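Worksheet: one structure, shown below.
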Protein chains: 2
Amino acid sequence: MDALDVFKALSNEGRLKILDLLKDPSSHFHCESGVDMDKVGVCVGEICRVTGLGQSTVSVYLSQLERAGLLESTRVGKWTYYRRSKDAFAKIADYVRENL
Amino acid sequence: MDALDVFKALSNEGRLKILDLLKDPSSHFHCESGVDMDKVGVCVGEICRVTGLGQSTVSVYLSQLERAGLLESTRVGKWTYYRRSKDAFAKIADYVRENL
DNA sequence: GCATTATATCGAATTTTTTAGAAATATAAG
DNA sequence: CTTATATTTCTAAAAAATTCGATATAATGC
């Protein structure tokens, strides 16, 4: 885990907002293609729609969050679904408690 | 606690280095004025000397870290001694685990 | 093949952060 | 009160991050 990358990813309001929305996808987003958002994640376009941020901005944000290990993604057809990493946040909490 | 301020404070290599050095002051710094560094903290000039960073840079860094609640300071005579906050890091760890 | 849709990447303008040097402030010592 | 030292604040230039629109890539359906 690159702590600096993680903290940089977390030091932006828009990215924190996305992380928060992704805690409970089905209550914030809806999905045309019928995948289970709570399992597979949410596609880029939906995140744009809900946050009001531009498409390229959201795409970059999601890449940063994924590179830092906070999100995971799966490509299904033309959609890329992003979801929260299952254990990243507990690991970060442990890191903060033990190493920071 | 302003999480964004905390993560911004943590998203810089120099500031992370300072936090690390301040974990064990007496093994990295020495003190002319004879205060107990492990209790009171380390003065700005010493942090400049050890990190090699400019004095105004270090002063700004320390202010940012203090504003985010990660450091505390005490002025004694002409020196300002900075030390790690006793419980900030456990609180941040809890925040990450529960709210992020 | 071509048109459409979703996402990623590029390029550029804007904003923010970083950082150093200079000036200002505060304290101590003579 | 003057001088020396430690720190903070001011200023400004350089570097990095933000953000958008345009373009490129990838997948779908005709």
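Note that this is a predicted model, so its numbers are computed, not measured. Chain identifiers are assigned alphabetically (A, B, ...) following the order of the sequence lines, protein sequences preceding nucleic acid strands; residue numbering begins at 1 within each chain.
Rounded to whole Å, the distance from CH2 on A/Trp79 to P on C/dT5 is 11 Å. Summarising the geometry, the separation between CG on B/Leu53 and C1' on D/dT8 is reported as 17 Å, rounded to the nearest angstrom. Residue B/Glu66 contributes atom CD, which lies 14 Å from atom P of D/dT7 at whole-angstrom precision. Here the P atom of nucleotide C/dT16 and the CD atom of B/Gln64 are 15 Å apart, to the nearest Å. The distance from atom CD1 of A/Ile47 to atom P of C/dA6 is 14 Å, rounded to the nearest whole Å. Spacing between atom CZ of B/Arg49 and atom P of D/dA6 amounts to 12 Å, rounded to whole angstrom units.
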Take nucleotides 22-30 of chain C nucleotide by nucleotide from the 5' end and write B, S or -, depending on whether a protein heavy atom sits under 4.0 Å from the base, only from the sugar-phosphate, or from neither.
-----SS--
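Residue B/Val60 is found outside any hydrophobic cluster, as its side-chain heavy atoms come under 4.5 Å of no other Ile, Leu, Val, Met, Phe, Trp or Tyr.
B/Asp36 is linked by a salt bridge (Lys or Arg N to Asp or Glu O under 4.0 Å) to nothing, counting only residues two or more places apart in sequence or in another chain. Taking B/Arg84 as the reference, B/Leu19, B/Leu22, B/Lys23, B/Leu71, B/Phe89 meet the side chain to side chain contact (heavy atoms under 4.5 Å, CB included) condition, with sequence neighbours excluded. Every residue two or more places apart in sequence or in another chain was checked for a side-chain hydrogen bond (donor to acceptor under 3.5 Å, both in side chains) with B/Ser63, and none qualifies. Not counting sequence neighbours, the partners of A/Thr51 by the side chain to side chain contact (heavy atoms under 4.5 Å, CB included) test are A/Ile18, A/Leu21, A/Ile47, A/Leu53, A/Val58. Shown here are the salt bridge (Lys or Arg N to Asp or Glu O under 4.0 Å) partners of B/Arg49, two or more places apart in sequence or in another chain: B/Glu46. Residues passing the side chain to side chain contact (heavy atoms under 4.5 Å, CB included) test with A/Arg15 are A/Asn12, A/Tyr61, A/Gln64, A/Leu65, sequence neighbours excluded. Among residues two or more places apart in sequence or in another chain, the side chain to side chain contact (heavy atoms under 4.5 Å, CB included) test is passed with B/Ser56 by none. With sequence neighbours excluded, no residue satisfies side-chain hydrogen bond (donor to acceptor under 3.5 Å, both in side chains) with A/Asn99.
Listed pair B/Tyr81 / D/dT7 fails the phosphate criterion, with no side-chain N or O lying under 4.0 Å from OP1 or OP2. OP1 and OP2 of D/dA6 both lie 4.0 Å or more from every side-chain N or O belonging to B/Thr80. Between A/Tyr82 and C/dA6, a side-chain N or O to OP1/OP2 separation shorter than 4.0 Å is absent. The side chain of B/Ser59 places no N or O atom within less than 4.0 Å of a non-bridging phosphate oxygen (OP1 or OP2) of D/dT7.
Listed in residue order, the members of residues 2-28 of chain B having a heavy atom less than 4.0 Å from DNA chain C are B/Lys8, B/Asn12, B/Arg15. Remark: A/Cys43, A/Val44 in residues 30-44 of chain A come within less than 4.0 Å of DNA chain C through at least one heavy atom.
Not a single donor-acceptor pair under 3.5 Å links the side chain of B/Asp5 to the backbone N or O of B/Arg67.
Taking the six-membered ring for Trp and thresholds of 30 and 60 degrees, A/Phe7 and B/Phe7 have nearly parallel ring planes, at less than 30 degrees apart.
Nucleic acid contact class of A/Glu46 (heavy atoms, under 4.0 Å, all strands): none.
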